[in-house]
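Residue numbers begin at 1 in each chain, while the letters A, B, ... track the order of the sequences.
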Number of protein chains: 2
Amino acid sequence: MRERPKIKDIAKRAGVSVATVSRALSDSTLVTAETRQRIHDLARELNYRPNVSARNLRTRKSMSVLLVVRDVGNPFYLDILKGVEATAREAGYSVLMGNTENDSARETEYFHMLRDGHADGMILMTGKLPAAGGNWSGAPTRVPVVVALEIIEGAGLPHVQVDNAGAAREAVEHLISLGHRRIAHISGPVPELMSLHRREGYRQAMRDAGLEVPDAYEVRGDYLLESGQQCCRALFTLPEPPTALFVANDEMAYGAAYELRRMGRDVPGDVSVVGFDDLYLSKAFYPPLTTVSQPRAEIGHAAMELLLKILSGAEIDCDEPIILPTVLHIRGSTAPPQG
Amino acid sequence: MRERPKIKDIAKRAGVSVATVSRALSDSTLVTAETRQRIHDLARELNYRPNVSARNLRTRKSMSVLLVVRDVGNPFYLDILKGVEATAREAGYSVLMGNTENDSARETEYFHMLRDGHADGMILMTGKLPAAGGNWSGAPTRVPVVVALEIIEGAGLPHVQVDNAGAAREAVEHLISLGHRRIAHISGPVPELMSLHRREGYRQAMRDAGLEVPDAYEVRGDYLLESGQQCCRALFTLPEPPTALFVANDEMAYGAAYELRRMGRDVPGDVSVVGFDDLYLSKAFYPPLTTVSQPRAEIGHAAMELLLKILSGAEIDCDEPIILPTVLHIRGSTAPPQG
DNA sequence: TTGAAAGCGCTAACAG
DNA sequence: CTGTTAGCGCTTTCAA
């Protein structure tokens with residue numbers, strides 16, 4: 001095995017100039033079909049692969065995008081990643097994962113990566129912009145950033161999301177239609193938009209059904225398992241505990257269901273539980289969890305598609321978010337209230 | 001805001017040459033501490049960031065590594081990724097995710113990325129080498145590849161792994177110590193080394209305890225939920241069904257437990273179940289799953305550490321794999337056999 | 001200690 | 001259709 005061949009080597013062997021080789025390799029019509037073929041054959045024979053750094057430097061593109069999330073460890077993002085990845089690789093892009101852990105230093109770091117040529121664009125799923133960031137207010141569509149899943153208000157950035165409030169409302173309506181009246185809500189960290197929206201959907205459904213929501217029926221969690229347990233415990237020390245729970249995500253719903261069992265209450269016999277997210281194994285849970293399913297892969301797909309459009313220089317309307325439909329999966333964790 | 005500043009701009013403003021700026025920025029001792037400081041200040045002021053493509057081209061390094069898995073969608077890899085990522089970023093490296101989906105074309109594609117400058121090294125977790133790959137047999141330690149989790153025999157590549165057989169043996173011994181005699185095993189896709197090893201551990205434990213393993217007590221799954229259900233069904237149509245199950249991974253264990261409930265059998269009352277992997281939510285499962293926990297983050301950490309060492313030119317002993325310890329978490333899904 | 005200059009491998013004017 | 005040439009922005013000899 002010799003050294004890595006470069007374009008020059010192919011040119012030499014083919015008796016043409018490097019320019020011709022470059023053109024042939026990119027299937028330019030400025031080259032005879034015949035020489036083009038010859039070059040391609042030669043390239044394969046020599047096992048030639050273009051040097052990406054050189055190409056990137058020259059073209060000022062990296063052909064990769066950044067997918068930035070709050071916590072790579074969360075399985076929830078997996079299907080989104082898959083959607084993004086599939087769409088990206090089809091278009092010749094690679095995907096770089098960014099993990100902020102809610103650390104603003106890292107958030108800005110990823111924005112820097114955009115500027116320093118690491119990536120051409122990015123899909124933001126953190127729900128916020130770095131503090132003293134750059135000037136992405138000036139020419140909205142020119143900044144290759146799309147926000148997915150979460151919402152960043154007033155940034156003039158394009159969005160791909162689901163109707164969190166509507167989906168939450170639907171979930172709670174399901175509980176109401178089952179006959180439940182005392183329905184409590186374990187929310188996410190509520191100053192956050194997504195948590196706010198889900199809670200709003202809960203409130204709407206309750207209001208529309210003429211049901212009152214005692215303050216104590218809204219407990220604030222943080223989307224983690226333990227928090228689901230804690231909130232559940234708080235709820236069931238109440239003088240009038242709820243007969244049903246609408247939990248802002250599956251993970252906390254698991255925690256709540258676990259705690260209910262520990263307290264000797266049956267799900268759904270004594271208490272019904274609805275989650276949100278439809279995690280991969282939620283259907284194998286016991287009892288199978290009734291939950292709102294987000295089209296995760298499609299979210300990833302749509303976000304990448306949008307980014308691709310921006311990257312190709314198209315003008316994007318940032319005022320109209322792309323809203324993808326959710327579906328409520330009714331499974332074993334909900335039933336009419338007893339007695 | 002003006003154009004992106006380059007080294008030349010800083011040089012002009014500072015009244016020095018580009019070479020000096022480059023040196024100052026890389027904290028070379030060939031520059032006066034004073035000018036070095038001045039350059040740094042200027043760089044910050046101008047919001048300068050080096051262009052990675054240019055640097056990569058020049059230094060022939062990309063400062064990123066490839067983490068190649070069979071299925072990015074599998075939550076199992078998440079903690080490993082976190083471990084890899086943390087160690088990588090500490091050393092100034094980025095992590096590129098590679099997803100093969102068991103497609104050999106994609107497997108080779110990732111090896112190509114190594115050659116074409118996309119990444120400097122890779123961590124392989126697919127358990128196999130691309131078919132007609134390159135010459136990574138020649139000078140073992142010179143190929144910046146480390147195999148983690150899985151095992152690739154005879155490739156002379158460094159390994160980071162756990163003692164699958166030993167861990168499996170321990171799990172089955174737990175079942176035996178509980179008093180179980182009829183213990184069945186739902187394995188992974190057995191020509192694969194990892195599945196083989198776990199099955200081997202099961203057999204050893206059974207043999208050591210003087211217990212016989214009827215052929216029908218070993219069923220082959222594929223690590224997925226449905227397969228756990230199917231295998232479980234097969235096992236319990238046997239004239240003498242087992243009283244305990246050692247399942248090769250948690251996901252199939254979920255499937256099996258789910259199926260047992262559907263068949264009206266209580267876990268662990270009627271049947272004990274042990275899994276392998278300790279997925280994030282296994283402890284919230286009902287009943288909490290007894291399972292073998294692998295030190296996932298540490299595996300990622302160790303693999304990256306090893307890769308870093310190779311990348312720095314150190315000689316690596318490929319014959320001695322790094323073996324990380326597992327721990328058996330005894331939870332609610334195992335109990336003595338009834339009656 | 002600093003500067004001038006030569007590329008890294010590739011693409012894209014510009015000429016022919 | 002093809003070749004010549006000029007960089008992309010950076011690092012690193014080699015001289016001073």
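Straight-line distance from the NZ atom of B:Lys12 to the P atom of C:dA4: 13 Å, rounded to whole Å. Regarding B:Arg38, its CZ atom lies at a distance of 15 Å from the P atom of C:dT1, rounded to whole Å. The interatomic distance linking B:Leu30 (CG) with D:dT11 (P) rounds to 14 Å, in whole Å. At whole-Å resolution of the value, NZ in A:Lys61 and P in D:dG9 are 16 Å apart.
For B:Asn99 and B:Glu101, the side-chain atoms include at least one donor-acceptor pair closer than 3.5 Å. A:Asp120 and A:Ser62 are linked by a side-chain donor-acceptor pair at a separation below 3.5 angstrom, with hydrogens and angles left out of the test.
Looking only at side-chain heavy atoms (C-beta outward), A:Thr59 and B:Ser53 stay at 4.5 Å or farther from each other. Using a 4.5 Å cut-off on side-chain heavy atoms (C-beta onward), A:Gln161 and A:Leu149 make no contact. By the 4.5 Å heavy-atom criterion applied to side chains, B:Tyr280 and A:Asn74 are not counted as neighbours.
Legend: residues meeting salt bridge (charged side-chain N to carboxylate O under 4.0 Å, His left out) with A:Asp103, ordered by chain and number and at least two apart, are absent.
When each of A:Leu96, A:Thr108, A:Val68 is tested with A:Met113 by the rule side chain to side chain contact (heavy atoms under 4.5 Å, CB included), just one qualifies, namely A:Leu96.
For A:Thr35, no side-chain nitrogen or oxygen approaches OP1 or OP2 of D:dC1 to under 4.0 Å. Between A:Ser17 and D:dT4 there is no side-chain N or O to OP1 or OP2 distance below 4.0 Å.
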Can you build the contact string for nucleotides 6-12 of chain C? Use B for base contact, S for sugar-phosphate-only contact, and - for no protein heavy atom under 4.0 Å. BBBBBBB

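Direction of the helix axis in the helix from C:dT1-D:dA16 to C:dG16-D:dC1 shifts by 40° between the two five-pair termini, rounded to 10°.
Using a cut-off of 4.0 Å between Lys/Arg side-chain N and Asp/Glu carboxylate O, B:Lys128 and B:Glu192 are scored as not salt-bridged.
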